[in-house]
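Take a look at the structure below.
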Amino acid sequence: MPMASPISIDSQDALLAIDLQADFMPGGALAVDGGDEIVPLVNRLASRFDHVVVTQDWHPPGHASFASSHEGAEPFETKRLEFGDQTLWRDHCVQGTPGAELHPDLAVDFAFVILRKGMRPGIDSYSAFVEADGKTTTGLAAMLKARGVKRVFACGLATDFCVAHSALDARAEGFGAFVIEDACRAIDANDSLSEAWARMNAAEVWRIQSAEILGPSR
Ligand code: VGL
Ligand code: ZN
């Protein structure tokens, strides 16, 4: 089968490796199917980029995104919070706990920054760029722009939440945005995966496969 035309990565491209943490791995508090399978692929991708950002979901205990923080609420339920609708989750990625640690095989040495997000008790941040209030910036866009980055390639966990929100916000910040589909895994709760792809298609976030960057596997 002929390959889609290859994408050549240069010094204006950045890779975001999103939330490859123990709690999102099989056996973790918020396990994503196959989450561990993509780590070697993410490492191979990271070796091709001059700018690699690793993100870490990093919540204080009792975070507003936890079902346990709301009387009578269940995980996966949607709750109206101060800044809008929030999907509630089992407690996950609590600061300093083993579940918040990055996967031990992730080649973090490629990263120039480990960006922590979701740190404020009352507000979530799926996105690596802007918190769920829609206005508090993490500073990542400015950092990437200062380094001359024009295109952002996102991979990691989960396709339909933190990867999608990060890619959409990359676009909103004026970057070209790509999601490397086979280097992601999804939660897919209540149709969230197809909704995320629909929003990304509409925003011209391009869905690509790792082979378009790495070349055909041998
Ligand atoms: C994520 C749900 C809650 C993610 C983080 O990394 O996609 N999903 N917190
Ligand atoms: Zn979270």
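Start at 1 and go down the list; that is how both ligands and their atoms are numbered. Computed from a predicted structure; not experimentally measured. For the single chain, residues carry numbers from 1 onward in sequence order.
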- Exercise: do Asp124 and Gln86 side chains pair donor with acceptor under 3.5 Å: yes

CZ (Phe49) and CD1 (Ile213) are apart, to the nearest 0.5 Å, by 4.5 Å

Carboxylate-amine/guanidinium proximity below 4.0 Å for Asp19 and Lys117 = yes

Across all chains, not counting sequence neighbours, the side-chain contact (heavy atoms from CB on, under 4.5 Å) partners of Arg48 are Leu214

The protein N, O or S atoms lying under 2.8 Å from the Zn ion (ligand 2) are Asp57 OD2, His59 NE2, His92 NE2

| In terms of ring plane angle, is the pair His92 and Trp89 parallel, tilted or perpendicular, where the classes change at 30° and 60°? | perpendicular

Taken to the nearest 0.5 Å, the spacing of Ser125 OG from His59 NE2 works out to 9.0 Å

heavy-atom search around atom 1 (C) of ligand 1 in the protein gives Cys162 SG, 3.3 Å

- Query: Is the closest side-chain donor-acceptor distance between Arg120 and Thr136 under 3.5 Å?
  - Reply: yes

>> Using a 3.5 Å cut-off on N or O atoms only, is Lys117 in polar contact with ligand 1?
In response: no

the protein heavy atom lying closest to atom 5 (C) of ligand 1 turns out to be Asp57 OD2, 3.1 Å

Counting from 1 in the order shown, the ligand 1 atoms closer than 4.0 Å to a non-hydrogen atom of His92 are 3 (C), 9 (N)

Is the shortest N/O to N/O distance between Ala158 and ligand 1 below 3.5 Å?
yes

Requested in this report: Just say parallel, tilted or perpendicular for the rings of Phe129 and Phe175, cut-offs at 30° and 60°.
Outcome: tilted

Sorted by chain and residue number, the side-chain contact (heavy atoms from CB on, under 4.5 Å) partners of Ser194 (sequence neighbours excluded) come out as Asp191

**Report entry** Heteroatom proximity flag, Tyr126 to ligand 1, N/O under 3.5 Å
**Finding:** no

Within the structure, does Phe24 bring an N/O atom to less than 3.5 angstrom of an N/O atom in ligand 1? no

Tracing side-chain contacts under 4.5 Å among Ile, Leu, Val, Met, Phe, Trp and Tyr outward from Phe83 reaches Ile123

With heavy atoms and a 4.0 Å threshold, my read on which part of Leu157 contacts ligand 1 is backbone

Closest to atom 6 (O) of ligand 1 by heavy-atom distance, out of Asp23, Asp19, Thr55, Val32, is Asp19

